[in-house]
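For reference, the structure is listed below as structure tokens.
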Amino acid sequence: MLTRVPRGTRDILPEEAAWWQLLEEKIRTTCKLFGYQEIRTPVFEHTELFTRSVGEVTDIVAKEMYTFTDRGDRQLTLRPEGTASVARAYLENNLQAKAQPVKLYYTGPMFRYDRPQAGRYRQFHQFGVEVFGSQDAAVDAEVILLALFFFSALGLKEFSLQVNSVGCPRCRGPYRGKLQEYLKEQLSGLCSDCAERYEKNPLRVLDCKKKSCQGLLAGVPLLTDSLCHECEEHFKAVCGALDELGVEYEINPRLVRGLDYYTKTAFEIISPALGAQSSICGGGRYDNLIATIGGPDIPGIGFAVGIERVLLALQKENVPAPAENATAVFVARAGVSSVQALQLTMELRRAGLPAETDFLGRSLKAQLKYADKKGIRYAVLLGAEELQKGQAAVRDMRDGTQQAVDLPGLADYLAAQLKEAE
RNA sequence: GUGGGUGUAGCUCAGUUGGUUAGAGCACCAGAUUGUGGCUCUGGGGGUCGUGGGUUCGAGUCCCAUCAUCCACCCCA
């Protein structure tokens with residue numbers, strides 16, 4: 001073999017593509033139901049967009065971006081996430097001039113240079129929504145409800161919601177100091193990763209998986225206790241809205257989001273069916289993002305769902321595979337040219353019947369075998385004998401019964417049979 | 001970037017202390033049925049044993065390297 005797919009990428013073969021189509025359909029219907037409109041942005045952007053919005057010191061920017069220089073010496077990057085691009089498009093196309101708030105959704109491939117593992121790929125796919133222009137806590141609730149609604153619509157059963165508030169620059173700065181002060185005492189007991197996190201991003205120490213570190217965090221000050229008045233009120237309002245709407249959730253004061261632009265609400269939806277990468281949806285509010293990339297002061301909130309992970313979760317939960325939409329009719333031929341058979345096949349197609357025929361000159365037996373394997377319901381036998389009488393034999397592949405039908409009425413006959421079969 | 005597991009047919013795997021021409025099931029193709037799928041029977045095609053090097057009279061088997069893949073860490077969807 002000359003070459004293989006690059007590491008961390010994969011082919012989606014027809015069988016699996018049926019799952020993808022199902023997901024894409026649910027995405028569209030759910031978003032329509034909630035009044036969100038689709039936006040499509042390029043898969044690559046100026047590198048600067050991500051370094052500025054996602055944050056220079058985040059892992060995504062520091063070590064996971066697919067960055068390249070094009071022939072015109074431009075620094076470009078394959079998008080590692082969707083929010084920055086949508087925020088850029090919002091600004092660039094003056095969507096603040098449209099009816100507010102602007103509610104958008106997107107799907108598509110994202111790229112991160114990371115070691116592949118269960119539920120993690122270098123090219124992966126996200127479905128996300130973004131709302132610009134409202135600070136109402138009810139919007140936070142709606143966005144969360146949309147995600148939960150989507151998972152339920154897919155037939156997913158086991159998933160749970162965690163929420164937190166990561167504050168804003170006003171309260172996060174002082175809290176960071178308080179946290180570092182506390183951690184300073186424990187520094188000798190923390191793992192090497194946490195020692196590094198202590199310097200670079202102390203909030204991350206909170207959700208370290210090591211028991212030894214968690215043990216040292218018993219009396220750690222929590223951000224939710226140090227929120228400024230505005231953030232605290234907003235967090236209370238979000239929790240209150242979820243309560244009132246009957247949404248089950250857990251407050252996880254150690255939930256930290258990895259991207260710099262998050263403010264206030266942060267949430268995550270987890271599927272226990274998955275391995276270590278159990279997060280199927282992550283999101284939150286980003287009230288300063290638009291301003292960060294040079295726009296006016298417009299608040300926003302959104303989430304991203306990992307399509308591959310949702311697919312894994314559906315399979316782990318044994319959600320039944322979507323029914324294959326098989327071809328309805330196979331035109332088998334005996335002593336008739338493939339072009340003649342194609343002629344009849346086209347007539348059926350023009351009448352709206354999914355149909356195919358043989359191109360391999362196989363025996364009738366082999367043709368029927370093919371039709372059987374592809375789950376085709378009706379085989380039309382076009383043979384010299386029948387053709388003389390102006391007929392074709394229609395074989396119901398389910399019970400093997402056969403019926404001679406006049407060619408002029410064949411499409412109508414098949415259409416009626418198929419309708420009845422429904 | 002770090003640690004561990006696994007690489008033999010399209011798929012799942014077997015292959016003895018290193019020993020002739022590397023096997024099975026499923027899948028695929030054909031025949032039994034000269035124009036009829038599924039079930040059965042019979043036959044057939046398909047492998048540089050991941051790759052490169054080493055040890056040996058002899059390597060799928062042992063050693064080293066490398067690549068791929070899986071799982072976990074970091075981080076994230």
Side-chain angles (χ1 to χ4, degrees), chain A residues 1 3-10 13 54-55 57-65 79-83 107-128 147 191-194 196-197 200-201 204-205 207-210 255-259 262 267-271 274-283 302-313 330 332-336 360 362-387 392-402:
Chain A
M1 199 174 330
T3 187
R4 307 175 174 208
V5 288
R7 178 160 216 206
T9 68
R10 62 204 193 94
L13 301 176
V54 175
V57 299
T58 59
D59 274 33
I60 289 179
V61 169
K63 54 181 217 192
E64 293 175 3
M65 293 206 303
R79 61 182 182 194
E81 59 102 45
T83 301
T107 55
M110 307 293 164
F111 306 84
R112 290 184 202 171
Y113 186 88
D114 209 342
R115 278 287 272 273
Q117 87 188 58
R120 172 188 293 158
Y121 307 91
R122 288 186 173 178
Q123 174 176 339
F124 61 104
H125 297 74
Q126 288 187 332
F127 149 49
C191 69
S192 57
D193 282 331
C194 281
E196 218 175 290
R197 287 191 273 238
K200 284 203 301 200
N201 192 351
R204 292 239 77 105
V205 175
D207 64 353
C208 180
K209 285 176 185 169
K210 293 211 174 63
L255 175 68
V256 178
R257 304 264 76 220
L259 286 61
Y262 283 111
F267 65 94
E268 203 164 292
I269 298 172
I270 302 211
S271 164
L274 269 36
Q277 313 305 324
S278 59
S279 169
I280 52 175
C281 173
F303 67 69
V305 166
I307 303 279
E308 282 86 351
R309 288 187 189 173
V310 172
L311 247 21
L312 283 174
F330 184 84
R333 62 195 175 93
V336 167
L360 294 177
R362 287 181 290 201
S363 65
L364 184 59
K365 182 187 168 100
Q367 292 180 59
L368 288 172
K369 205 167 179 176
Y370 171 85
D372 182 46
K373 249 178 252 163
K374 289 197 72 173
I376 294 176
R377 179 68 197 274
Y378 291 100
V380 170
L381 310 187
L382 194 60
E385 270 173 46
E386 287 87 347
L387 214 50
V394 174
R395 183 179 181 83
D396 185 331
M397 296 295 281
R398 258 191 352 184
D399 55 23
T401 57
Q402 215 159 293

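Model, not experiment: these values are computed from the prediction. We name chains A, B, ... by the order of the sequence lines, and we start the count at 1 in each one.
As judged by a 4.0 angstrom heavy-atom cut-off over every strand, A:Ile307 is placed among residues making no nucleic acid contact. At the heavy-atom level, A:Arg395 lies under 4.0 Å from base atoms of the strands shown. Among the protein residues, A:Gly128 comes within range of no part of the nucleic acid, since none of its heavy atoms lies under 4.0 Å from any strand. Counting non-hydrogen atoms under 4.0 angstrom, A:Gln277 reaches a base of the nucleic acid. A:Asp372 comes within contact range of at least one nucleobase, with a heavy-atom separation under 4.0 Å. Across all strands shown, A:Gln123 has no heavy atoms under 4.0 Å from either base or sugar-phosphate atoms. Counting non-hydrogen atoms under 4.0 angstrom, A:Asp193 reaches the backbone sugars and phosphates but no base. Contact annotation for A:Gly119: base contact, defined as any heavy-atom pair under 4.0 Å involving a base atom. Nucleic acid contact class of A:Lys63 (heavy atoms, under 4.0 Å, all strands): base. Among the protein residues, A:Arg197 comes within range of the sugar-phosphate backbone only, with heavy atoms under 4.0 Å from sugar or phosphate atoms but none that close to a base. A:Leu364 comes within 4.0 angstrom of a base, heavy atoms only. The residue A:Ala371 sits apart from the nucleic acid: no heavy atom pair falls under 4.0 Å. At the heavy-atom level, A:Glu64 lies under 4.0 Å from the strands shown only through sugar-phosphate atoms.
In this entry B:G3 has B:C71 as its Watson-Crick or G-U wobble partner, both defining distances falling under 3.5 Å. Nucleotide B:C39 forms a pair with no other nucleotide shown, judged by Watson-Crick or G-U wobble geometry with both contacts under 3.5 Å. Within the shown strands, nothing qualifies as a pairing partner of B:C76 under the Watson-Crick or G-U definition with both distances less than 3.5 Å. In this structure, B:U51 forms a base pair with B:A65, meeting either the Watson-Crick or the G-U wobble geometry with both donor-acceptor distances under 3.5 Å. Base pairing of B:A14 is not made with any nucleotide, judged by Watson-Crick or G-U wobble geometry with both donor-acceptor distances under 3.5 Å.
One finds the CD1 atom of A:Ile269 at 13.5 Å from the CZ atom of A:Arg309 (value rounded to the nearest 0.5 Å). With rounding to the nearest 0.5 Å, the separation of CZ in A:Phe124 from CD in A:Glu81 is 9.0 Å.
Considering only side-chain atoms of A:Ala118, the nucleotide from B:C75, B:A72, B:U36 that sits closest is B:A72.
A salt bridge links A:Arg377 with A:Asp396; the closest basic N to acidic carboxylate O contact falls under 4.0 Å.
In this model, the phosphate group of B:A77 is not approached by any side-chain N or O of A:Arg120 to a distance below 4.0 Å at OP1 or OP2.
Only the P atoms considered, B:A22 is 10 Å distant from B:G60, to the nearest whole Å.
Positionally, the nearest nucleotide of RNA chain B for A:Arg115 lies more toward the 5' end than for the other of A:Asp207 and A:Arg115. Both A:Lys369 and A:His125 lie near RNA chain B, and the one whose nearest nucleotide falls closer to the 5' end is A:Lys369.
Ring orientation note: the planes of A:Tyr370 and A:Phe330 are tilted relative to one another, at an angle of 30° to 60°.
Although no hydrogens or angles enter the test, the distance criterion places no donor-acceptor pair under 3.5 Å between the side chain of A:Arg112 and the main chain of A:Met65.
In this model, a side-chain donor or acceptor of A:Gln402 finds a partner on the base of B:U36 within 3.5 Å.
In this pair, A:Phe124 lays its aromatic ring flat on the base of B:A77, centres within 5.5 Å and planes under 30 degrees apart.
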